[in-house]
Each structure stands twice: as structure tokens, then as C-alpha cells.
2 protein chains.
Amino acid sequence: MSDTPETVLVEHVLDAISDQRLRAGTKLGEQALSDLFSCNRAHVRRALATLAAYQVVDLIPNRGAFVSTPSEDEARDVFQARRAIEATIIRNVVRRADEADIASLRAHLATEDSIRSQNDRPKAIRASRAFHMLLAKIGRNSVLEHYLAELTMRTSLIIGLYGSNAASLCSDDEHARIVQSIADRDEARAQEMVDHHLRHIEGEIAFGEEAPRVGPLSMILSPDRATG
Amino acid sequence: MSDTPETVLVEHVLDAISDQRLRAGTKLGEQALSDLFSCNRAHVRRALATLAAYQVVDLIPNRGAFVSTPSEDEARDVFQARRAIEATIIRNVVRRADEADIASLRAHLATEDSIRSQNDRPKAIRASRAFHMLLAKIGRNSVLEHYLAELTMRTSLIIGLYGSNAASLCSDDEHARIVQSIADRDEARAQEMVDHHLRHIEGEIAFGEEAPRVGPLSMILSPDRATG
DNA sequence: GTAACATAAATTGTTAACAATTTAAACAGA
DNA sequence: TCTGTTTAAATTGTTAACAATTTATGTTAC
């Protein structure tokens, strides 16, 4: 892909959101961002417009840009949309995945397993999301893949806002069962597993809780961080 | 909603695309747009970034912005995504629609009927799209509603590119049957009707055909046009 | 000590000028 | 007439300066 300042900025912010380093409500000041990414404010403003279109940033006139804070209703809509989209994705996967795809899924399960033993929460969150995005990729529908990318980021915001500490991580167990039903080419079961998995995640969210605020932008968004 | 120059510009371009006044491949020059909407180029660039994020505009570095030209593969992905999303939407509608909602659907059918007799193709296209968006609204899931808005616009581009002249309009007949099954609270039938309807539209597309080019931007995008 | 107000700082919004690149046009040579 | 080159025009990209608004600070009155 291209490598414009806008793209770099957008990708970094999206990564930070999906890793839950950037939390809902955080202000994204223009000066701060243009300093961090050593570009001018015009670039920043364009990038923020893009992020706003992705619905992970709210643009408030004369006030600036803020990481969006999903309401409870919005959160439920996001999860229902995920179920709708991932149901079709998993159907595509069962029908289209070849042996190499299934191998990559198993490899990913192993990675998740090893990460789980490290107790590195941000890393675990990233790997969990990556599993769902890997499914989307194997499903080979670029439109659904793009929407799922957006929805998983919004899910990260939601879990960061309302999620209980213990919960809010995909259990490797459920991921493994999903992969097994793909390998078995059991479409109905795979769909049911994914649906159950998503409802499980949603069920663990405790609406009403509060979210701790977070450190300065420079700690969260340093551009020299690996893009993973 | 807010009334910034960016918003106005985005809305007008989206309307023009969904009405098929703006066709795939049309160049959206910065000067032309800033003249048309009497704003400066900074506004135009921000608006174009938003439209690019909506995936209805391609931004090519140093070349400018163009209405995006969906490939055949992309078109199939768009239709599959629509089936996935509208399946859930129609389920929501059957479960959540009250009498007023059903009345508004019947009213819309009447409007479509009267428009059909006028032989005004752009008007018919707009009304057809409005039916699907009305369903999305009644379904009361703002995330799915937003995605359907994007997908129906991309559908307009696809039909404008590949659609045969005769076809490519939702038949009122199918819309009427959908409304009837909603009124009957027949979830399975409603879902089947919507799925069939979307496959019908997709089936009438003739990939391989070419699209005629189109007149100047000023004719297509005059900002004083009603937004209705 | 608190509330309301005035002032200063910081941030966002707007505009214009200039540089770099691409596109179109003019032109010369074969 | 066609091809390739050079020149000019138009378009996009970049930057900085300034205006308007919001936020923070400090002061005064009660």
C-alpha cells in the first residue's frame, strides 16, 4: 500500500485502538499528532477525517477529535453486526479454505496458546483479533473483511470501556473448536460455534462500569513502534 | 446534523452516486469541486478523504480523486455482503416493526408505484434505494443501516457500470411481497424474499458490458439541487 | 473559600502563496 | 503522418501565516 503520512497516521491510530492502548474518549490533538508523526496539520486533519469515516473517532467542531465512546445501544448493534457478518464469513471459510489455509489457522492457534502463557494482555488482545481477521481473509470477501476490521476495532473500544478485567478475551478453546469444525467442513457447526463465541464475548461485558483514563499520547502512539 | 462545507459536499456526491448521475471513473477535481460548492480546497480534500474511506472514491497520489470503479469480483462481494446484512435487517424489521412502520412501508410502495408510471429512471432508482434504506431504519440497528447505505451506493455504481438498461431496477412487485411478509410477521418468508430479491438484482447484471461516459461535473453536482 | 468575571494561552479553522507533479499542447525530425 | 521531445498549462501537494474559538489561568468581589 501507499506510504503517505496520512496512511501511516491512520494505521497507527487503528493499531493503538485495536490493542486498547488508545481508549474511548482520548483527545487526539492536531499539534500533538503532527509532532508525533512529523507531518503538518493538513495531513493530520485528513487522517482524522478518514478515522471519523471509520467511526472510531468523533470530530467535534471547534473542539477537536476524540476517540469515540460507543454507547450501550451502539455496542449491541456492533455485536449484532458482527454476528451477521461473521456468519457469512465462516460459511465462506468452510467452503473455500484449502489445506494451506487450515494450516495457517492451526499455526495461529499455537501462537495464541503460547501468548496465553505469557500473561501479556495487549499481545493477547491483538492475537485474538488477528484470529478473526485471519478468518475474514480466508473467507475471501474483501467487503466483509473491511467491515470486520472496523467492527473489531469498535469491539476493542467497547471492551475497553465496559469489559470486566477478567473477561473480554476470546478463549483459545472456542477458537480451537471453530478451527476444528472448519477442518471437518461442518458448516452448520462452524456457524453455531462462531455465533456462540460472539455471544459469549458480548455476554461478559458489564455495561455500567467505568473506564480508567490513560497516559499521554506520546507513550501510546510513538510512530517508530512496529506496525505488527 | 452539522452543516460544514465538508458534510454538504459529501452528501451531494453520495446522492449523485446513488442516483447514478455520477458514474464510476468520473474525475473529481479539487478546483472544480471548490468552485461548485464555493469552499476552499482544504474542505474539498477533507471531504474526498471521507468519501475514500466510504470506498466510493479512489484517491490516487498526484493524480486526484475518481469515483471508484468496482471490479466484477468486488461487485460479487458487495452483493454477498448485502445479503448478509439485509438478512439480519429484515429479521429485525419483522420483530420490531410497529403499525406505524408498516404503514410507512405501504406508503412507500404507493410512492414507488406512482413513480413507476412516470418513466423517470433516476427517480425510480432513488425510490428503490430508499425502500431498502427504510427497511434498515425500521430494523433499528444503526451500524447495519450505515453499512447498507454504503453498499447501496456501491450497488448503484455497479449497476451503472454493468447493468443492462432494461433491468437493474427493483421490481415493485418484490418490494410489495416483502412488505406483506413483514405484515404477516413471517420471518422465514421475509428473509427468503429479500434474499431472492437481491439475487434477482445481481443476476440481471451483465458483466463485460461497458459504460457510457457522462457530462461535466457542474451539471451533475450543482449544490443548489434539493437533497431530498 | 467560592463564584463570577477578565485575561492569557492553547487549539482549531481558514486562507493564500508557492513547490512539485502530471497532463496537454506545440513542434521538429524522419 | 507519425513519433518523440520540448514547452506550457493545469492540477495536486505542501507550508506558513493569520483569524476565530475554546480552554486554562488569574483576579476580584462577596
Side-chain angles (χ1 to χ4, degrees), chain A residues 1-13 22-54 56-69 213-221 223, chain B residues 1-13 22-54 56-69 213-221 223:
Chain A
M1 310 296 167
S2 53
D3 211 48
T4 61
E6 287 92 337
T7 309
V8 174
L9 207 161
V10 168
E11 292 296 326
H12 271 83
V13 170
L22 260 182
R23 300 185 90 104
T26 307
K27 164 136 196 185
L28 299 172
E30 296 184 3
Q31 192 66 54
L33 290 172
S34 65
D35 290 348
L36 263 171
F37 293 92
S38 21
C39 58
N40 56 41
R41 277 177 55 218
H43 291 141
V44 172
R45 297 187 120 233
R46 235 151 78 111
L48 289 174
T50 300
L51 290 165
Y54 290 165
V56 294
V57 160
D58 289 334
L59 249 37
I60 304 178
N62 290 320
R63 299 275 319 280
F66 301 83
V67 178
S68 69
T69 303
R213 207 72 334 158
V214 85
L217 268 193
S218 50
M219 280 293 115
I220 300 167
L221 276 179
Chain B
M1 312 292 167
S2 53
D3 211 49
T4 62
E6 287 93 336
T7 310
V8 174
L9 206 161
V10 168
E11 292 297 327
H12 271 84
V13 170
L22 260 182
R23 300 185 90 105
T26 307
K27 164 136 197 187
L28 299 173
E30 296 185 2
Q31 193 66 55
L33 290 173
S34 66
D35 289 350
L36 263 171
F37 294 89
S38 21
C39 58
N40 57 40
R41 277 177 54 219
H43 291 140
V44 172
R45 296 186 123 234
R46 236 151 77 110
L48 289 174
T50 300
L51 290 166
Y54 290 163
V56 293
V57 159
D58 290 334
L59 248 37
I60 303 178
N62 290 320
R63 299 274 319 281
F66 301 83
V67 178
S68 69
T69 304
R213 205 75 329 163
V214 85
L217 269 193
S218 50
M219 281 293 114
I220 300 167
L221 275 179

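Letters A, B, ... are given to chains in the order of the sequence lines, protein chains preceding strands, and every chain is numbered from 1.
- In this structure, A:Lys27 contributes its side chain and A:Val67 its backbone to no donor-acceptor pair below 3.5 Å.
- For the pair B:His43 NE2 and C:dG13 C1', the computed distance is 7 Å after rounding to whole Å.
- Counting to the nearest Å, the C1' atom of D:dA20 and the CD atom of A:Glu30 are 14 Å from each other.
- D:dT12 atom P lies 11 Å from atom CD1 of B:Ile60, rounded to whole Å.
- Nearer the 5' end of DNA chain C, as judged by each residue's closest nucleotide, is the contact made by B:Glu6, out of B:Asn62 and B:Glu6.
- Results of the side-chain contact (heavy atoms from CB on, under 4.5 Å) test with B:His43 over B:Ser34, B:Pro5, B:Ser38 single out B:Pro5 as the only residue that passes.
- Straight-line distance from the CD atom of B:Gln31 to the P atom of C:dA17: 13 Å, rounded to whole Å.
- Put simply, A:Arg41 has no side-chain N or O that comes within less than 4.0 Å of OP1 or OP2 on D:dT15.
- In the set C:dT23, D:dT15, C:dT14, C:dT14 carries the atom at the smallest distance from any side-chain atom of A:Arg45.
- For A:Leu33 and C:dT11, the CG to P distance is 12 Å, given to the nearest whole Å.
- Between B:Arg63 and A:Cys39, the residue anchored nearer the 5' end of DNA chain D, judged by the nucleotide with its closest heavy atom, is B:Arg63.
- Contact annotation: A:Lys27 reaches the phosphate of C:dT12 (side-chain N/O to OP1 or OP2, under 4.0 Å).
- Note: CG (A:Leu28) to C1' (C:dT12) measures 14 Å, nearest angstrom.
- A:Leu59 and A:Ala52 make their closest contact through CD2-CB, 3.9 Å (heavy atoms, listed as atom of the first residue, atom of the second, distance).
- Atom CZ in A:Arg46 sits roughly 17 Å away from atom P in C:dG13 (whole-Å rounding).
- Between A:Phe66 atom CZ and C:dT12 atom C1' the separation is 11 Å, expressed in whole Å.
- Phosphate contact (OP1/OP2 of C:dT15, side-chain N/O of B:Asn40, threshold under 4.0 Å): present.
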Practice problem: Apply side chain to side chain contact (heavy atoms under 4.5 Å, CB included) to the pair A:Val57 and A:Ser68, showing each step before the final yes or no. | Solution: CA-CA 5 Å; A:Val57 160; A:Ser68 69; 5.9 Å; no
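- Residue B:Phe66 holds its CZ atom at 10.0 Å from OG1 of B:Thr26, rounded to the nearest 0.5 Å.
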